[in-house]
Structures are given as structure tokens and as C-alpha cells.
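Everything below concerns the one structure shown next.
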Amino acid sequence: RFNIDIMGSRGCPYRCTYCCNSVFLDNHKGKGPLIRRRSVDNVLAEIRSAKKWIADLQRVDFIDEVFAWDKAWSAEFSSKYKEQVNLPFQCAQHPNMVNAEVLAMLKEAGLERVEVGIQSGTEKIRADVFGRPVSDEALFKTAEIINDLGIVPFYDLIVDNPFETEEDKVETLEFILKLPRPFHLRMYPLTYFPNTALTRKALAAGFITEEQVEDKAERTHSKWFVTLDYEWSKRERFWISIYSLTSKSFLPKKLVRWFSHRVILRKHPKPLSAFATLANNVKLAGIALKWLLEGKPIGAIFRQTSRGQSHWQI
């Protein structure tokens, strides 16, 4: 059973300091539209073609930086997609562009999952470090809309960020604990792409060397997703483990906070990592059982797990 990746647009209207798209915007300025959107009919023609070749196509994954930023396009897409494709799909949304009416249309068309970047639980880090001025209010409103519509939320979080203080990490934990459950949490290590504003800032602050910039470091080849198989500092291993517990609906939030206050676990975080791994596996098993009872194929879960990463994506 297969999923396919489709791009309905290229480019991004935002200039997050860590993202390579911010460099592309500068490099291509004056050379045409910085954001290009394919027509609905063109996108659907590609998907229909894929369906002819892939008999067991199960889901469409739209990998646009921001999918539904044009209401008219989204309305046309929703109507035609349901009629011509009628498969579950997922996409990414920026919290400053989330619109309840648009998401409701997409939900009716088959939107099953939506990915939203939190990146940090503190407004200060989002604005001053990531160049991403998104308020807590906007993020909580986004979460409320997604939750009310019954769409599965995947929230992205950037870790291993040298600009964060301990207070920032605590604030991020409290922010995540306020999100309505259920949700999935995806963590990504901060990656230093060449010539981004954040990379220049980290170099100037002495947080990284030129050898850690991505054209030399090649971190994306081996450390794109967060897993605890990697070598982390004790501090980072502790917080990655704590954050991963927040998305486990069967764990009381008070228990997560209790773990976060244990000094012994900060000094020796490996037992906490083992517990977090167990909690992830319990959640995976619960998802597999739910899918089995609903008649959905569960092979995809185990194929992802065999790659050694997906249990840190939930």
C-alpha cells in the first residue's frame, strides 16, 4: 500500500531564519514570482495519473511549504479533489494562515492530517531567533480549530538549539502541555544551512564552527529526525525525552511535570530515555490496534519503525 508526495506550489511566503527558502527568496528576487502555484486541474491530473500506475494508492501527502494560503484555490481544490481523487491526504499549514473555513473545506475533501510548525514554545525564540513572529494565541487558536474539526495534528518542534536557555525549555514544555490532546509531536535538530540568517548568527556567537554548516557537515543525511539512538548531551537527551512524553495521552500531565523536576534525571537521563521509548512503543501499539479494528493496513507503522525513526515522530 502506497502514499505519494505531491507539490501543489513552490516557494514560501515566510522568511524563517533557519530555512533554506529564505536564501532562495534572496537569490531569485527579480527573477519572477517567488511563490508559484500550480492550477488545481494540473495537480489533480498528476494524482489521477499516479492512481492509474499505483493500484493500491492509499493517501496523498502534499509537501508544499504552506498548502492552503489561497481561499479561492482551496475551494476549487476541495470540490474537485473529492470528486476526482477521493483519497485521504495531509498537508502543512502555517499558524498565521490557518483559516477555520478553509480547513473545514479541506476536511470535507479528505484532509486527514495537518502539520503545523511550533518550533519553540516561547514567543521570544520564535521571533528573535527563528524570525517567525507567531504568537502563542495564534498557535493555540490553530490547535483549537484542528481539534474541533477532528483532523489529526502533527506539531513540529526544533531541538538542539544553542540559543535556548533552561527557562526557554521549561516554557516550551508548559506550552506543549497546554495543547489539546491527542496530537503527535515531531522533533527536528536545528540544522545550519549555508547563508541563512540563523547560521550567520550562530557563527558570530561562536555556537558553531564553519565545519558544522550543512555544506560541510551533511547533518541532514544522518540526523534529520530526532531519535535517541544519536549521541546527545545529557541536557538535550533529558529535554527530548520529556518533550516526547507530552504527546502520550495515557500519561498524566502531572507525571510529565514531575519527571521534568527530577534533578537526578537531568544528571542521568538514560532511564528517562528508556521510559520515553517504552511510552512511544505503547502509543504505536495503540495506533496499530485502532487501525486493525478499523480495517486499515498496519504494515506502514512497522515499516516506519524498522527505519528506526518513526517512534520518535509520535
**Q.** Distance in Å, Glu123 CD paired with Leu139 CG, rounded so as to fall on 0.5 Å steps
**A.** 8.5 Å
Q) What about Tyr243 and Trp232, same hydrophobic cluster or not, with Ile/Leu/Val/Met/Phe/Trp/Tyr joined at side-chain heavy-atom distances under 4.5 Å? A) yes
Q.
Determine whether a donor-acceptor pair (N or O, by modelled atom type, separation under 3.5 Å) exists between the side chain of Glu236 and the backbone of Asp160.
A. yes
Q: Report the distance from atom CD1 of Ile125 to atom CG of Asp168, rounding to the nearest 0.5 Å.
A: 4.0 Å
Q: Examine distances only and state if a side-chain atom of Asn99 and a backbone atom of Glu101 form a donor-acceptor pair shorter than 3.5 Å.
A: yes
Q: Inspect the contact between Asp41 and Arg48 and indicate whether a charged nitrogen and a carboxylate oxygen are less than 4.0 angstrom apart.
A: no
Q) With a 4.5 Å heavy-atom cut-off, do Leu87 and Arg59 have their side chains touching? A) no
Q | Salt bridge Glu137-Lys141, side-chain N to carboxylate O under 4.0 Å | A | no
Q | Close aromatic pair by centroid cut-off 6.0 Å: Tyr14 and His94 | A | yes
Q: Please report the shortest heavy-atom distance between Leu149 and Ala104, naming the atom on each side.
A: CD1-N, 3.8 Å
Q: With sequence neighbours excluded, tell me which residues meet side-chain hydrogen bond (donor to acceptor under 3.5 Å, both in side chains) with Arg266.
A: Glu166
Q.
Check whether Ser49 reaches the backbone of Ala45 with its side chain - one donor and one acceptor, N or O, closer than 3.5 Å.
A. no
Q) Would Phe259 and Ile264 show up in the same hydrophobic cluster when neighbours are defined by side-chain heavy atoms closer than 4.5 Å? A) yes
Q.
Donor-acceptor pair, distance only, cut-off 3.5 Å: does the side chain of Arg200 make one with the backbone of Asn195?
A. yes
Q. Do any N or O atoms from the side chain of Gln90 and from the backbone of Leu111 form a donor-acceptor pair under 3.5 angstrom?
A. no
Q. Side chains of Ile4 and Trp53: does their closest heavy-atom pair fall under 4.5 Å?
A. no
Q. So, do Leu44 and Val85 sit near enough that their side-chain heavy atoms are less than 4.5 Å apart?
A. yes
Q: Using the salt bridge (Lys or Arg N to Asp or Glu O under 4.0 Å) rule, take Glu174 and Lys178 through it: C-alpha gap first, then chi angles, then the decisive distance, then the call.
A: CA-CA 6 Å; Glu174 290 302 320; Lys178 292 176 184 176; 6.0 Å; no
**Q.** Heavy-atom check, side chain of Phe67 versus side chain of Gln93, under 4.5 Å
**A.** yes
Q. Linking I/L/V/M/F/W/Y whenever any side-chain heavy atoms sit under 4.5 Å apart, do Phe193 and Leu198 land together?
A. no
**Q.** Contact summary for Tyr192 and Pro162, nearest pair of heavy atoms
**A.** OH-CD, 3.2 Å
Q. Same cluster or not: are Ile158 and Ile176 linked, directly or through other Ile, Leu, Val, Met, Phe, Trp or Tyr residues, by side-chain heavy atoms under 4.5 angstrom apart?
A. no
**Q.** Centroid-centroid distance, Phe62 to Phe77, less than 6.0 Å
**A.** yes
Q | Ser9 side, atom OG; Glu65 side, atom CD - distance, nearest 0.5 Å | A | 8.0 Å
Q: Check Thr191 against Glu214 and note the closest heavy-atom contact, atom names and distance.
A: CG2-OE1, 3.5 Å
(Q) One pair to check against side chain to side chain contact (heavy atoms under 4.5 Å, CB included): Thr17 and Lys201. What are the steps and the verdict? (A) CA-CA 9 Å; Thr17 60; Lys201 187 173 183 177; over 6 Å; no
Q. Under a 4.5 Å cut-off applied to non-hydrogen side-chain atoms, are Leu245 and Phe275 in contact?
A. yes
Q | Spatial distance of atom OH (Tyr230) from atom CD1 (Ile240) [nearest 0.5 Å] | A | 10.5 Å
(Q) Any non-hydrogen side-chain atom of Asp156 less than 4.5 Å from a side-chain atom of Val116? (A) no
Q. Looking at Phe175, does the NZ or CZ of Arg126 lie under 6.0 angstrom from its six-membered ring centre and within 45 degrees of the ring axis?
A. yes
Q: Check whether any side-chain N or O of Thr172 sits under 3.5 Å from a backbone N or O of Gly121 as a donor-acceptor pair, and report yes or no.
A: yes
Q. Atom CG in Leu157, atom OG in Ser247: separation rounded to 0.5 Å?
A. 11.0 Å
Q: Consider only side-chain heavy atoms of I, L, V, M, F, W and Y, link residues closer than 4.5 Å, and tell whether Ile63 and Leu57 are in one cluster.
A: no
(Q) Can you give me the closest heavy-atom contact between Gly8 and Arg37, atom names plus distance? (A) O-CD, 3.5 Å
(Q) Determine whether a donor-acceptor pair (N or O, by modelled atom type, separation under 3.5 Å) exists between the side chain of Gln212 and the backbone of Thr209. (A) yes
Q | Minimum-distance pair of heavy atoms, taken over all atoms of Trp73 and Arg38 | A | NE1-O, 2.9 Å
Q) Checking Asn147 side chain against Ala143 main chain: does a donor-acceptor pair fall under 3.5 Å? A) no
Q) Pick one: which of Tyr188, Phe163, Phe130 meets ring-ring contact (aromatic ring centres under 6.0 Å, His included) with Tyr18? A) Phe130
Q: In plain terms, say whether Glu112 and Lys107 are close enough for a salt bridge, that is, a side-chain N and a carboxylate O under 4.0 Å apart.
A: no
Q: Nearest 0.5 Å please: distance from the NZ atom of Lys270 over to the OG atom of Ser241.
A: 11.5 Å
Q) Would you call Glu171 and Lys124 a salt bridge, taking side-chain N to carboxylate O under 4.0 Å as the test? A) no
Q) Between Lys283 (side chain) and Lys248 (backbone), is there a donor-acceptor pair under 3.5 Å? A) no
Q) Would a 4.5 Å heavy-atom cut-off, applied to side chains only, mark Glu108 and Ser78 as touching? A) no
Q: State whether a side-chain donor-acceptor pair under 3.5 Å links Asp56 with Gln58.
A: yes
Q) Looking just at side-chain N and O atoms, do Thr196 and Thr199 make a donor-acceptor pair shorter than 3.5 Å? A) yes
Q) Under 4.0 Å between a Lys/Arg side-chain N and an Asp/Glu carboxylate O for Glu46 and Lys51? A) no
Q: Identify the two heavy atoms, one from Ala279 and one from Leu251, that lie closest to each other, and give their separation to 0.1 Å.
A: CB-CD1, 4.2 Å
**Q.** Counterpart residues, side-chain hydrogen bond (donor to acceptor under 3.5 Å, both in side chains), relative to Glu210 (two or more places apart)
**A.** none
Q: For the pair Ile118 and Leu179, evaluate side chain to side chain contact (heavy atoms under 4.5 Å, CB included) and give the outcome as yes or no after the intermediate values.
A: CA-CA 11 Å; Ile118 294 173; Leu179 293 171; 3.6 Å; yes
Q: State whether Arg237 and Glu231 are salt-bridged, where the test is any N-O pair (Lys NZ or Arg NE/NH1/NH2 against Asp/Glu carboxylate O) under 4.0 Å.
A: no
Q) Tell me, do Leu173 and Thr246 make a side-chain contact under 4.5 Å, heavy atoms counted? A) yes
